[in-house]
Amino acid sequence: MDQPSCTTDKGCSYDEVPYESQPFSQSHPDRMATIARLFGMSPPAVDHCRVLELGCAGGGNLTPMAFQLPRSEFVGIDYAQRHVQTAQEIIRDLDLKNIRVEHASILDVNASWGSFDYIICHGVYSWVPEDVQDKIFSICAENLSAQGIAYVSYNTYPGWHMREMIRRMMIYHTGRLTDPARKIQQARAMIDFLARSVPTRDNAYGMLLKSELEIIKKSRDYYLFHDHLEEHNTPLYFSQFADRMARYPLQYLGEADFHTMLSSGFSEEVRETLKRIAPDIIRAEQYMDFLRNRYFRQTLICGKDISLKRNLTPAALDGLLVAAHIKPEHEPVDLSSGVKVTFQSTRKSTLQTSRPLTKAAMVVMKEHWPRALGLEDLFRKIRKKLSIHQAESDINTEENRKLLKKDLLQAYTINMVELHTYQPAFQRIIPEKPKLSPLAVYQIARNRPATSQRHESVRVDQLAQRLAPYLDGSRNRSELSWIIRELIEQGRLVVKKDATPLTAADLTEEILDGMVDRVLHNLAGSALLV
């Protein structure tokens with residue numbers, strides 16, 4: 001979700017209540033570069049680029065990028081001194097040489113800061129005054145490189161109308177309070193009061209209110225304080241955002257979540273109506289927001305003089321990598337021609353196909369997850385798999401390759417398949433002496449979620465937490481099993497069976513080896529082994 005941060009020269013509430021800083025995969029340069037490539041741009045390689053984050057908070061988004069991309073340069077700014085100190089401490093502890101985080105305002109950034117290939121502004125735009133909002137566009141116009149891309153997230157109407165109403169209620173109720181903890185406590189009391197008091201039966205207002213209150217009730221204190229009780233939180237319609245952007249030599253590139261740009265989820269009648277009433281992309285996006293009651297956007301921006309290709313073709317996949325976290329409805333998958341198979345992604349998207357090439361591609365990507373594959377590598381593995389299953393297909397024909405790329409592109413548009421421009425450095429196959437990412441070891445030691453090499457936040461279980469310091473590439477599985485036994489004997493690890501704690505004597509070598517295998521399998525599947 002959002003990562004609001006302090007960016008102006010006013011008193012900073014983020015020094016009083018620091019915001020929990022975390023990675024946002026949607027803001028990663030790879031995500032921006034991928035979508036730019038699809039629309040015909042030639043963005044700089046993400047493993048050799050320059051990145052600026054406006055309002056970087058405690059560096060939870062930027063420092064993992066710097067760790068993973070040592071040949072790229074990263075600059076972050078934030079006006080909350082506590083945030084900056086936190087980020088600088090992490091940078092020192094990890095001995096990162098390719099990143100700096102400065103205590104500065106967005107208003108301080110000018111041409112002297114140089115050119116950046118990627119600019120990130122996550123959870124800032126809606127929480128700052130209009131002059132700072134304009135400055136964000138100015139920075140994108142003046143500091144983006146020729147093929148550079150900016151990411152800006154913000155709250156949108158119509159979805160935020162209901163949330164804004166609840167926000168106003170909480171602000172009214174807490175208006176005379178100054179202590180942040182007391183404000184948060186009373187805001188929650190107001191939410192509980194509304195939830196108990198407004199009837200939902202045969203009451204449209206009550207039903208809408210209940211759904212929003214459930215979301216707010218689950219939010220952490222820092223999120224509630226900064227997202228709902230801050231002085232500035234000004235949602236706007238996408239068309240208004242586009243109008244403000246149009247004052248600068250900038251243009252709308254797309255959304256970080258690509259599938260939200262498409263009308264394929266609507267009925268044929270709705271799609272035809274949208275074509276008729278929304279001839280350009282800005283109007284189409286605005287009408288889709290109306291239909292979806294959208295409340296948050298993660299918009300990508302580029303220079304106005306860049307010629308974009310909006311008509312996507314299978315050729316757009318050339319040079320990109322593909323990955324998919326999916327499972328088939330039944331296993332083993334029948335790769336024969338004419339047999340329909342349904343695949344489902346972890347995001348609950350589904351794809352049904354009877355084409356042998358596409359079925360084989362899905363199986364190959366499942367087997368290699370979380371690694372992304374180049375198209376030629378994917379073709380080779382598909383050919384081998386189809387040969388084993390003696391399915392009728394000839395992948396070497398250009399027509400079949402086009403059909404497969406068309407299916408992969410379609411799967412991408414429904415959030416079934418991922419596209420990437422580069423492959424992060426992680427181990428999918430567990431090595432003899434496994435090594436956990438040093439960044440993850442550092443974060444786990446401080447009781448923080450680990451950031452994977454895919455730039456995702458991962459919470460590991462107690463066993464993985466205890467083993468983390470020993471996963472340094474110097475120990476094999478047998479040695480790790482022995483360490484688990486020692487941890488249990490020392491009382492530093494508790495293992496239970498049917499709610500009963502087990503002693504080290506209860507654990508056979510087979511059980512211990514199984515525990516090690518489970519931990520390593522989970523870490524490898526989360527892209528945490530390097």
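Just so it is clear, the structure is predicted and the values come from calculations on it, not from any experiment.
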S.K.: With sequence neighbours excluded, what pairs up with His368 under the side-chain hydrogen bond (donor to acceptor under 3.5 Å, both in side chains) test?
M.R.: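 Once residues adjacent in sequence are excluded, His368 has no partner under the side-chain hydrogen bond (donor to acceptor under 3.5 Å, both in side chains) criterion.
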S.K.: By the definition side chain to side chain donor-acceptor pair (under 3.5 Å), identify the one residue from Arg297, Gln298, His122 that meets it with Ser153.
M.R.: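 Considering Arg297, Gln298, His122, a side chain to side chain donor-acceptor pair (under 3.5 Å) with Ser153 is found only for His122.
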S.K.: Going from CG on Asp318 to CZ on Arg37, what distance comes out if it is rounded to the nearest 0.5 angstrom?
M.R.: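 If we round to the nearest 0.5 Å, Asp318:CG and Arg37:CZ are 9.0 Å apart.
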S.K.: Got a salt bridge between Glu367 and Arg428, using NZ or NE/NH1/NH2 to carboxylate O under 4.0 Å?
M.R.: no
S.K.: Using the ring pair (Phe, Tyr, Trp, His ring centres under 6.0 Å) rule, collect all pairs that involve residues 449-473, keeping only residues at least two apart or in two chains.
M.R.: His28-His455
S.K.: Hey, does the side chain of Ser354 reach the backbone of Lys340 with a donor-acceptor pair shorter than 3.5 angstrom?
M.R.: no
S.K.: Under 3.5 Å, sequence neighbours excluded: what are the donor-acceptor pairs made by side chains of residues 516-523?
M.R.:
from	atom 1	to	atom 2	distance (Å)
Asp517	OD1	Arg477	NH1	2.5
Arg518	NH1	Asp461	OD2	2.9
Asn522	ND2	Arg518	O	3.3

S.K.: Taking C-beta and beyond as the side chain, do Asp78 and Glu53 meet within less than 4.5 Å on heavy atoms?
M.R.: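 When only atoms from C-beta onward are counted, Glu53 and Asp78 do not touch, as no gap falls below 4.5 Å.
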S.K.: State whether the side chain of Gln453 and the backbone N or O of Ala425 hold a donor-acceptor pair below 3.5 Å, judged by distance alone.
M.R.: yes
S.K.: With sequence neighbours left out, write down each residue that passes side-chain hydrogen bond (donor to acceptor under 3.5 Å, both in side chains) with Glu73, or none if nothing qualifies.
M.R.: Arg50
S.K.: Sequence neighbours left out, what pairs pass ring pair (Phe, Tyr, Trp, His ring centres under 6.0 Å) with at least one residue falling in residues 29-53?
M.R.: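 Of all non-adjacent pairs touching residues 29-53, those that pass ring pair (Phe, Tyr, Trp, His ring centres under 6.0 Å) are Phe39-Phe258.
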S.K.: Tell me whether Asp377 is salt-bridged to Lys381, with the criterion being a basic N under 4.0 Å from an acidic carboxylate O.
M.R.: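 Judged by the 4.0 Å cut-off on N to carboxylate O distance, Asp377 and Lys381 do form a salt bridge.
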S.K.: Judged by atom type as modelled, is there a donor-acceptor pair below 3.5 Å linking the side chain of Lys359 to the main-chain atoms of Ser336?
M.R.: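 Flag set: sc Lys359 to bb Ser336 pair under 3.5 Å.
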S.K.: Determine whether Leu409 and Thr313 make a side-chain contact, defined as any pair of heavy atoms from C-beta on separated by less than 4.5 Å.
M.R.: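 Leu409 vs Thr313: side chains apart.
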S.K.: Judged by atom type as modelled, is there a donor-acceptor pair below 3.5 Å linking the side chain of Asp30 to the main-chain atoms of Thr421?
M.R.: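 Between the backbone of Thr421 and the side chain of Asp30 there is a qualifying donor-acceptor contact (under 3.5 Å).
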S.K.: Check for me whether the distance between the ring centres of Trp160 and His228 falls short of 6.0 Å.
M.R.: yes
S.K.: If I compare all heavy atoms of Met32 with all of Tyr151, which pair ends up nearest, and what's the gap?
M.R.: SD-CB, 3.8 Å
S.K.: Sequence neighbours left out, what pairs pass ring pair (Phe, Tyr, Trp, His ring centres under 6.0 Å) with at least one residue falling in residues 312-340?
M.R.: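 As it turns out, the ring pair (Phe, Tyr, Trp, His ring centres under 6.0 Å) pairs with a partner in residues 312-340, which skip direct neighbours, are His325-Trp369.
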S.K.: Given the rule in the side chain to side chain donor-acceptor pair (under 3.5 Å) test, do Thr342 and Gln352 qualify, once you have shown the distances and angles that lead to the verdict?
M.R.: CA-CA 4 Å; Thr342 300; Gln352 188 177 73; 3.2 Å; yes
S.K.: So does Arg401 pair up with Glu376, basic N to acidic O under 4.0 Å?
M.R.: yes
S.K.: Phe426 ring centre to Arg454 NZ or CZ under 6.0 Å, with the angle to the axis within 45°?
M.R.: no
S.K.: Just by distance, do the side chain of Ser349 and the backbone of Ile414 share a donor-acceptor pair under 3.5 Å?
M.R.: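 A pair under 3.5 Å: yes.
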S.K.: Using side chain to side chain donor-acceptor pair (under 3.5 Å), reason through Thr500 and Asp498 one step at a time and then give a plain yes or no.
M.R.: CA-CA 5 Å; Thr500 302; Asp498 298 328; over 6 Å; no
S.K.: Please check: side-chain N/O of Arg466 versus main-chain N/O of Arg492, any donor-acceptor pairing under 3.5 Å?
M.R.: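 Judged by distance alone, yes, a pair lies under 3.5 Å.
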S.K.: Would you check if Leu54 and Ile120 make a side-chain contact, meaning some heavy-atom pair closer than 4.5 Å?
M.R.: no
